[in-house]
Amino acid sequence: MGVRAVIFDIDGTLLDSVDLHARAWVEAFAHFGVTTAEADVRRQIGKGGDQLMPVFLPEERVAREGETIEAYRSDLFKREYLSQVRPFPGVRALFERIRADGRRLALASSGKRSEVEHYQEILGIADLVDVTTSADDADRSKPHPDIFAAVIEKLRPLGPREMIAVGDTPYDAEAAAKVRLATIGLLCGGFPEADLSAVGCTAIYRDPQDLLDGYASSPLAR
């Protein structure tokens, strides 16, 4: 059964934003009196706030202040860092190639819906995307499968075997596997190739341009 839909993560996969998100989290934690190392936070980017905060905060504090901390971080990111976000090379051309082959395109992000909408404008792909999901479509963020489950539902009547995910973190691949989606890994988000291989990525490329350059022999062309 061939690939009929391709599901992309956004941060670290299509956008060079991982370092910026990590800095925003470090600053937000510091504002609430919590000291964190940027390298430690960076390794958690790819999860939503609901899964990231418990790594650095006690469970009871997340329950008590989690929403306040997340709101502060979100506002800080929009105010200080969003203007610095840039697309990785080759994103629109890759999306155009996928659409030219008659395949559907979806976005599956742990970000807020407003962020996902804005990112499509930054990437210049809003006219090419068929389906989007965000944190608003899921109770739990990656590595839980909720967001991918929501995408699959929106792409019906296609089934998971007719779809493939593209992401930059082990959390993407872990979440996708839980709903029987294969995953292509990209290295541009900063995770080591060994980490992506360990969670079962079917193929690994440097970035969207590298995937486009190798498109004919990639899982996307099957």
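We're numbering straight along the sequence, starting at 1. Because the structure is a prediction, the values reported are computed rather than measured.
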Would you say that [X] contacts [Y] through its side chain, given a criterion of any heavy-atom pair below 4.5 Å between the two side chains?
X	Y	answer
Phe8	Leu105	yes
Gln51	Lys142	no
Leu15	Arg86	no
Ser134	Ser114	no
Leu186	Leu14	no
Asp11	Tyr119	yes
Ile45	Thr169	no

Closest non-hydrogen atom pair between [X] and [Y], with its separation:
X	Y	result
Cys188	Phe88	O-CZ, 3.4 Å
Ile147	Ser109	CD1-O, 3.3 Å
Ala165	Ala176	CB-CB, 4.2 Å
Leu76	Glu27	CD2-CB, 3.5 Å
Leu123	Pro87	CD2-CB, 3.7 Å
Thr133	Ala108	OG1-CA, 3.4 Å

Quiz item: Are Gln209 and Asp213 close enough that a side-chain donor and a side-chain acceptor fall under 3.5 Å?
Solution: yes
Quiz item: Just checking, is any N or O donor in the side chain of Asp9 or Thr13 under 3.5 Å from an acceptor N or O on the other one?
Solution: yes
Measure the [atom1]-[atom2] distance between [X] and [Y] for me, rounded to the nearest 0.5 Å.
X	Y	atom1	atom2	answer
Leu52	Phe29	CG	CZ	5.5 Å
Phe148	Glu174	CZ	CD	11.0 Å
Arg73	Thr68	CZ	OG1	13.5 Å
Ile69	Phe56	CD1	CZ	12.0 Å
Asp168	Asp172	CG	CG	5.5 Å
Ile7	Leu107	CD1	CG	10.0 Å

Practice problem: Could you tell me how the ring of Tyr72 sits relative to the ring of Phe32: parallel (under 30°), tilted (30 to 60°) or perpendicular (over 60°)? | Solution: perpendicular
Ion pair [X]/[Y], N-O distance below 4.0 Å:
X	Y	answer
Lys112	Glu70	yes
Arg140	Asp146	yes
Arg61	Glu65	yes
Asp130	Lys154	no
Arg64	Glu60	no

Quiz item: Is there a side-chain contact (heavy atoms from CB on, under 4.5 Å) between Ile125 and Val91 once you walk through the steps?
Solution: CA-CA 8 Å; Ile125 57 171; Val91 173; 4.0 Å; yes
Looking only at atom types and distance, does a side-chain atom of [X] sit under 3.5 Å from a main-chain N or O of [Y], one as donor and one as acceptor?
X	Y	value
Arg103	Val3	yes
Arg92	Pro89	no
Gln84	Glu80	yes

Exercise. Assess whether atom CD of Glu38 is packed by more than 12 heavy atoms of other residues, nucleotides or ligands within 6.0 Å.
Key: yes
Quiz item: Is the number of heavy atoms from other residues, nucleotides or ligands under 6.0 Å of Arg97 CZ greater than 12?
Solution: yes
Practice problem: Report the C-alpha distance between Leu20 and Val85 in whole Å, list the side-chain angles of each, state the deciding distance to 0.1 Å, and finish with yes or no for side-chain contact (heavy atoms from CB on, under 4.5 Å). | Solution: CA-CA 8 Å; Leu20 301 174; Val85 172; 3.7 Å; yes
Quiz item: With a cut-off of under 6.0 Å to the ring centre and 45° to the axis, is Lys47 in cation-pi contact with Tyr171?
Solution: yes
